[in-house]
Number of protein chains: 2
Amino acid sequence: MHHYYYYYYYYKLLFSFLPCNPDGESLTTCTKASQVSGVRVQLEMQALWQQFDQLGTEMIVTKAGRRMFPTFQVRIAGMDPSADYVLLMDFIQIDDKRYRYAFHSSSWLMAGQADVAAPSRMHFHPDSPARGAQWMKQTVSFDTLKLTNNLLDDNGHMILNSMHRYQPRFHVVYADPAPNSYLNANRNFCSFAFPETQFMAVTAYQNHRITQLKIASNPFAKGFRTPDPLTVWVVWNSTVF
Amino acid sequence: MHHYYYYYYYYKLLFSFLPCNPDGESLTTCTKASQVSGVRVQLEMQALWQQFDQLGTEMIVTKAGRRMFPTFQVRIAGMDPSADYVLLMDFIQIDDKRYRYAFHSSSWLMAGQADVAAPSRMHFHPDSPARGAQWMKQTVSFDTLKLTNNLLDDNGHMILNSMHRYQPRFHVVYADPAPNSYLNANRNFCSFAFPETQFMAVTAYQNHRITQLKIASNPFAKGFRTPDPLTVWVVWNSTVF
DNA sequence: TAGTTCGCACCTAGGTGAAAACGT
DNA sequence: ACGTTTTCACCTAGGTGCGAACTA
């Protein structure tokens, strides 16, 4: 429990007004504090994200909570090295639709209006708050973030509706030490959304090509990889002799 | 990097003046701030610590860093639930002696004066700073703390001299939000030392009974346990038929 | 039927002491 | 001799998709 949690609901409200801007740039253009106005954010593993995005990324949600893969990771530049920042993520539903997967056409179809929205939460990066110098030193990874479909979750996981589409967002909040700093709250943050990180929440993979790409690229799924032809050839010949 | 790290060397100096008090009570009696004056700390797994202590606890130190076992864990009461605290540990050499183990008599013997003292460090609990309510909610565990004999360690591990005796200490620091709070530094903390957690730093276990107790009680050493007679009997009979 | 849950085999990642190799 | 370092088999702990069972 840190002081900045006081601002939880304040920032949550602020963020809710942001447009779902798909250009990966700062979502707002109003005057910003110098500590955040120059912040630049670059998505890591962008090529992998794009591979998934081309197939239509799916993310598993479970009752106990499931990690995202690919993991949301960013490189940050342009912070004030000596200022304190809080880094966090949230997820916004991209549209008010529910989807279903048509296996015969291997595509997603709209299937009516969205269910009641899941309780919206924010996920603070566990190193928050930390100085700009610390954040910029190396890649910032949200690998501990988990997705759940349990509306009553009390593990602090992100609650999403299965069969709905989401856009992850990333927020950089300057921890202003000034008294009554909440008055500057709308000047003290900047937000980023990378369109290639959009995904469909599912309880089981629908698109087989997504499953195969997960198996091929996630180290924890190595057990499901079929050995490549060269490996098969080597093993075959070495067991024969 | 948090603000309270500014006080690192200030508190390090303060702590260096504390006596090595073996009664597990607060080490100082001078007037304390209300946020720390009522703090009570109870050692977890005390029975296990005492078992080890009776044999003469040994802790492995390695170049890469080794965890302690038993882990230093405490339950805390009497904090101000809404005040912020920083929790940390350090290790003080119990005497200025170097030791060696006499296998024939299964006992430790003094073997001259202590080597040059290893660089003294403090280990902040990674959840610091946090509110009293958060710390008191559940056991506070220092399971990520590691011991090393590498004088040039740059992983933030605790540096100890092998074949020297140490007393772990636990410090509760009130994160005073007042300006110039360092002026109150000596009033804003309290310290605890549990004599049953004293140990000898070693690079390899000397006392075989310590080794056996580690194997019997540390889950990660289960691979070295000899199956107990009942299990042997059951397995024997179930494989025969 | 369409979607969710659960147990499972198979991984990654890393914490153990044993024992051999290495210093001094 | 005595103490340290390194490698290793064997664990714990927990992240994977699979497939059967379950639910409405």
Side-chain angles (χ1 to χ4, degrees), chain A residues 58-71 98-104 108-109 111-112 115 143-151 155 157 160-164 200-227, chain B residues 58-71 98-104 108-109 111-112 115 143-151 155 157 160-164 200-227:
Chain A
E58 299 173 23
M59 295 284 178
I60 298 275
V61 291
T62 68
K63 204 171 161 185
R66 195 79 151 191
R67 287 191 184 179
M68 295 175 68
F69 188 89
T71 303
R98 193 179 206 287
Y99 291 83
R100 69 179 182 85
Y101 192 71
F103 285 92
H104 62 86
W108 287 95
L109 307 176
D115 299 342
D143 53 356
T144 60
L145 185 154
K146 290 191 175 183
L147 309 179
T148 184
N149 58 345
N150 181 7
L151 299 175
N155 299 305
H157 298 151
L160 304 181
N161 277 325
S162 183
M163 300 301 182
H164 291 65
M200 188 76 70
V202 295
T203 57
Y205 292 128
Q206 305 295 309
N207 182 346
H208 280 215
R209 298 181 64 191
I210 285 292
T211 312
Q212 291 313 306
L213 187 50
K214 295 257 184 178
I215 289 173
S217 50
N218 187 336
F220 287 110
K222 190 176 277 183
F224 300 100
R225 291 181 194 166
T226 53
Chain B
E58 301 173 24
M59 294 285 178
I60 298 274
V61 292
T62 68
K63 204 170 161 184
R66 195 79 151 191
R67 286 191 185 177
M68 293 174 69
F69 188 89
T71 304
R98 192 178 206 287
Y99 290 83
R100 69 181 183 83
Y101 191 72
F103 285 92
H104 63 86
W108 287 95
L109 307 176
D115 299 343
D143 52 356
T144 60
L145 185 156
K146 290 190 175 185
L147 309 179
T148 184
N149 58 343
N150 181 7
L151 299 175
N155 299 305
H157 298 151
L160 304 181
N161 277 325
S162 183
M163 301 300 182
H164 291 64
M200 187 76 70
V202 294
T203 57
Y205 291 128
Q206 305 294 310
N207 183 345
H208 281 214
R209 299 181 66 188
I210 286 291
T211 313
Q212 291 312 308
L213 187 49
K214 295 256 184 180
I215 289 173
S217 50
N218 187 337
F220 286 110
K222 190 175 278 184
F224 300 101
R225 291 183 194 165
T226 52

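Excluded from the calculations below are hydrogen atoms, water molecules and symmetry mates; all remaining heavy atoms, backbone and side chain alike, are included. In what follows, chains are A, B, ... by sequence order, proteins preceding strands, each numbered from 1. Just so we're clear, the structure is a prediction, and the values are computed from it rather than from any experiment.
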Separation of atom [atom1] in [X] from atom [atom2] in [N], rounded to whole Å:
X	N	atom1	atom2	answer
B:Asn161	D:dG3	CG	P	14 Å
A:Met68	D:dT16	CE	C1'	16 Å
A:Asn218	D:dG17	CG	P	6 Å
B:Asn150	D:dG3	CG	P	20 Å
A:Met59	D:dG17	CE	P	10 Å
B:Tyr205	D:dG3	OH	C1'	16 Å
A:Phe224	D:dG19	CZ	P	9 Å

Item to check | Check: A:Tyr101 ring centre within less than 6.0 Å of A:Phe103 ring centre | outcome: yes
Checklist entry - Given side chains that start at C-beta, do those of A:Leu160 and A:Asn149 come closer than 4.5 Å, heavy atoms only? => result no
Item to check | A:Val61 and A:Thr203, any side-chain heavy atoms less than 4.5 Å apart | outcome: yes
Checklist entry - Where each residue is assigned the nucleotide of DNA chain D containing its nearest heavy atom, which of B:Ala221 and A:Ile215 is assigned the position nearer the 5′ end? => result B:Ala221
Checklist entry - Do the side chain of B:Asn155 and the main chain of B:His157 share a donor and acceptor less than 3.5 angstrom apart? => result no
Item to check | Check: A:Glu58 side chain, A:Gln206 main-chain N or O, donor-acceptor pair, under 3.5 Å | outcome: yes
Checklist entry - When the nearest nucleotide of DNA chain C is assigned to A:Lys63 and to A:Arg98 on a heavy-atom basis, which residue is associated with the more 5' position? => result A:Arg98
Counting the atoms with a prime plus P, OP1 and OP2 as sugar-phosphate, which does [X] contact under 4.0 Å by heavy atoms, base, sugar-phosphate, or nothing?
X	value
B:Phe69	nothing
B:Arg66	base
A:Thr211	sugar-phosphate
B:Ser162	sugar-phosphate

Next on the checklist: For D:dT16 and A:Arg225 - does any side-chain N or O of the residue sit under 4.0 Å from the phosphate oxygens OP1/OP2?
Outcome noted: no
Checklist entry - After noting the C-alpha distance and the side-chain angles of A:Phe224 and A:Lys214, does the key distance pass the side chain to side chain contact (heavy atoms under 4.5 Å, CB included) rule? => result CA-CA 10 Å; A:Phe224 300 100; A:Lys214 295 257 184 178; over 6 Å; no
Item to check | NZ/NE/NH1/NH2 to OD/OE distance under 4.0 Å, A:Arg98 and A:Asp115 | outcome: yes
Item to check | Outermost nucleotides of DNA chain C that come under 4.0 Å of a non-hydrogen atom of chain A | outcome: C:dG3 to C:dT12
